[in-house]
Each structure stands twice: as structure tokens, then as C-alpha cells.
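Below is one structure, written out as C-alpha cells; comments come after it.
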Amino acid sequence: MCNQSLGKIITLCQKRNIKLTPQRKKVLEIMLSADRAMSAYDLLDLLKVSEPQAKPPTIYRALEFLLEQGFIHKVESSNSYIVCPHFHDPDHIFILFICNKCKRILEKHSSTIEHDLKQLAQQSEFQIQHSVHEIHGLCKQCQS
Ligand SMILES: [Zn+2]
Ligand SMILES: [Zn+2]
């Protein structure tokens, strides 16, 4: 699953004619294999294993690039980052269900919600640039 996603992202970069530098690729690899939300400092610690010279700006530049390309999302409430499972569509509206107990995050999409939001914005002549939808609660495993 994680290698598959990485392959798809590499192909997408080639299509968009953008460069996935070794560092950006490494950060993405770390995020894919962790399969959980990670802070910049979590990432820095893990990047340092293979690149001891890595500094916070290294991570922030890589994260900025990955965010711009829509490969990852920022989780505002915990100041961390997750890999987006729908990275082929960079303009999608996403809803994050965040488990308070195990911190697992589920990304969901809804064409109905997306449509309603766009309509509300249109009615108010508002141009959406970025939206955050984070729902906190308990995941299935943590409910019992
Ligand atoms: Zn997404
Ligand atoms: Zn949970």
C-alpha cells in the first residue's frame, strides 16, 4: 500500500514536471510508513537517522512542497501532518475524524458537503482558499 502510493506520487510529479528531491521523497516515505499523523519534529528525528545533517528548515521546506502539491494535509488542531489518500485531486475538501484516544485520523470526503459549502460560499460571494474540517471523538476500536 505504501509503496504503491509512493509510486503514484512519483508518477504524478513527473506528469506535473516537478522535482521530488531525495529529501522530499524521504520525508514522504517516512510519513507513508508511519501511517499516523506526525509533527515536524517527529519527522526531523526520523529523517536524522538517514540524514544526520537535517535541520528544521529541511523539514519545513519539504512539508511546504508536499502541502502545495496536495500530497499531505496539515492537521491544524495537533499541528501535525498526514498523507492524503486522494492526492490525485489537490482541490478536494476533506474532513478529518480524529480519535481523542489513539490519535488515529480518518480522512473522509463528501460531495454533498463539498457542494453545500461551495454553495454557501457562493451565496456570500466568498472565495474559499483553504478550509479546515476536524471532528474529534472516538474511533471504532476505542469505543469499546
Ligand atoms: Zn485529502
Ligand atoms: Zn481510537
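Atom CD1 of Ile18 is separated from atom CD of Glu68 by 9.0 Å, given to the nearest 0.5 angstrom. Put simply, SG on Cys13 and NZ on Lys25 are 10.5 Å apart, with the number rounded to the nearest 0.5 Å. Note that CZ of Phe94 and CG of Asp89 are 11.5 Å apart. Values are rounded to the nearest 0.5 Å. The OG atom of Ser5 sits 12.0 Å away from atom CD of Glu29, with the distance rounded to the nearest 0.5 Å. Atom-to-atom distance recorded for Leu120:CG and Ile113:CD1 is 11.5 Å, nearest 0.5 angstrom. Distance check: Gln143 CD to Cys99 SG gives 8.5 Å after rounding to the nearest 0.5 Å.
In this structure, Lys103 and Ile98 have side chains that are not in contact, with every pair of non-hydrogen atoms separated by 4.5 Å or more. A heavy-atom distance below 4.5 Å is found between the side chains of Ser50 and Lys26. Taking 4.5 Å as the limit, some side-chain heavy atom of Tyr81 sits within range of a side-chain heavy atom of Met31. A heavy-atom distance below 4.5 Å is not found between the side chains of Arg61 and Arg24. Here the side chains of His109 and His86 are in contact, with some heavy-atom distance below 4.5 Å. Residues Arg104 and Phe97 fail the side-chain proximity criterion, which asks for heavy atoms closer than 4.5 Å. Looking at heavy atoms from C-beta onward, Arg36 lies in side-chain contact with Asp42 at the 4.5 angstrom threshold. Side-chain atoms of Leu44 and Pro56, non-hydrogen and from C-beta on, do get closer than 4.5 Å to each other.
Glu134 places a side-chain N or O within 3.5 Å of a backbone atom of Ser77 that can act as its donor or acceptor partner. With Arg16 contributing its side chain and Gln69 its backbone, the two residues share a donor-acceptor pair below 3.5 Å. With hydrogens and angles ignored, the 3.5 Å screen pairs a side-chain donor or acceptor of Ser110 with a backbone N or O of Thr112.
Minimum interatomic distance between Gly70 and Cys84 (heavy atoms only, all atoms of both residues): O-CB, 4.0 Å. Contact between Ser39 and Ser80 at its shortest, heavy atoms only, is N-CB, 3.9 Å.
In terms of hydrophobic clustering, with Ile, Leu, Val, Met, Phe, Trp and Tyr side chains grouped at heavy-atom distances under 4.5 Å, Ile95 and Leu67 are assigned to different clusters. Under the 4.5 Å side-chain contact rule for hydrophobic residues, Val83 and Leu96 do not share a cluster. One hydrophobic cluster holds both Ile93 and Leu106 under the rule that ILVMFWY side chains link at heavy-atom gaps under 4.5 Å. A single hydrophobic cluster is not seen to contain both Ile135 and Ile105; linkage of ILVMFWY side chains at heavy-atom distances under 4.5 Å, directly or through other members, places them apart. One hydrophobic cluster, built from ILVMFWY side chains closer than 4.5 Å, holds both Leu47 and Tyr41.
Here the options are Thr58, Ile59, Leu28, the test is side chain to side chain contact (heavy atoms under 4.5 Å, CB included), and the partner is Gln23; only Thr58 passes. Shown are Leu12, Leu32, Val27; of these, the side chain to side chain contact (heavy atoms under 4.5 Å, CB included) with Phe71 is made only by Leu12.
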Show, in sequence, the C-alpha distance, side-chain angles and deciding distance for Lys74 and Leu63, and conclude whether the side-chain contact (heavy atoms from CB on, under 4.5 Å) test is met. CA-CA 9 Å; Lys74 185 171 184 190; Leu63 288 171; over 6 Å; no
- Residue pair Leu20, Phe65: steps toward the side-chain contact (heavy atoms from CB on, under 4.5 Å) verdict: CA-CA 9 Å; Leu20 191 66; Phe65 166 84; 3.8 Å; yes
For this session: Let me see the working for His130 and Glu76 under side-chain contact (heavy atoms from CB on, under 4.5 Å), right down to the final yes or no.
Result: CA-CA 12 Å; His130 177 65; Glu76 301 284 349; 3.8 Å; yes
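Remark: the His92 side chain and the His73 side chain contain an N/O donor-acceptor pair separated by less than 3.5 Å. Defined by atom type and a distance below 3.5 Å, a donor-acceptor pair is present between the side-chain atoms of His133 and Ser131.
Residue His115 places its NE2 atom among 12 or fewer non-hydrogen atoms of other residues, nucleotides or ligands, all under 6.0 Å distant. By the 6.0 Å contact criterion, CD on Gln123 is enclosed, its count of non-hydrogen atoms from other residues, nucleotides or ligands being greater than 12.
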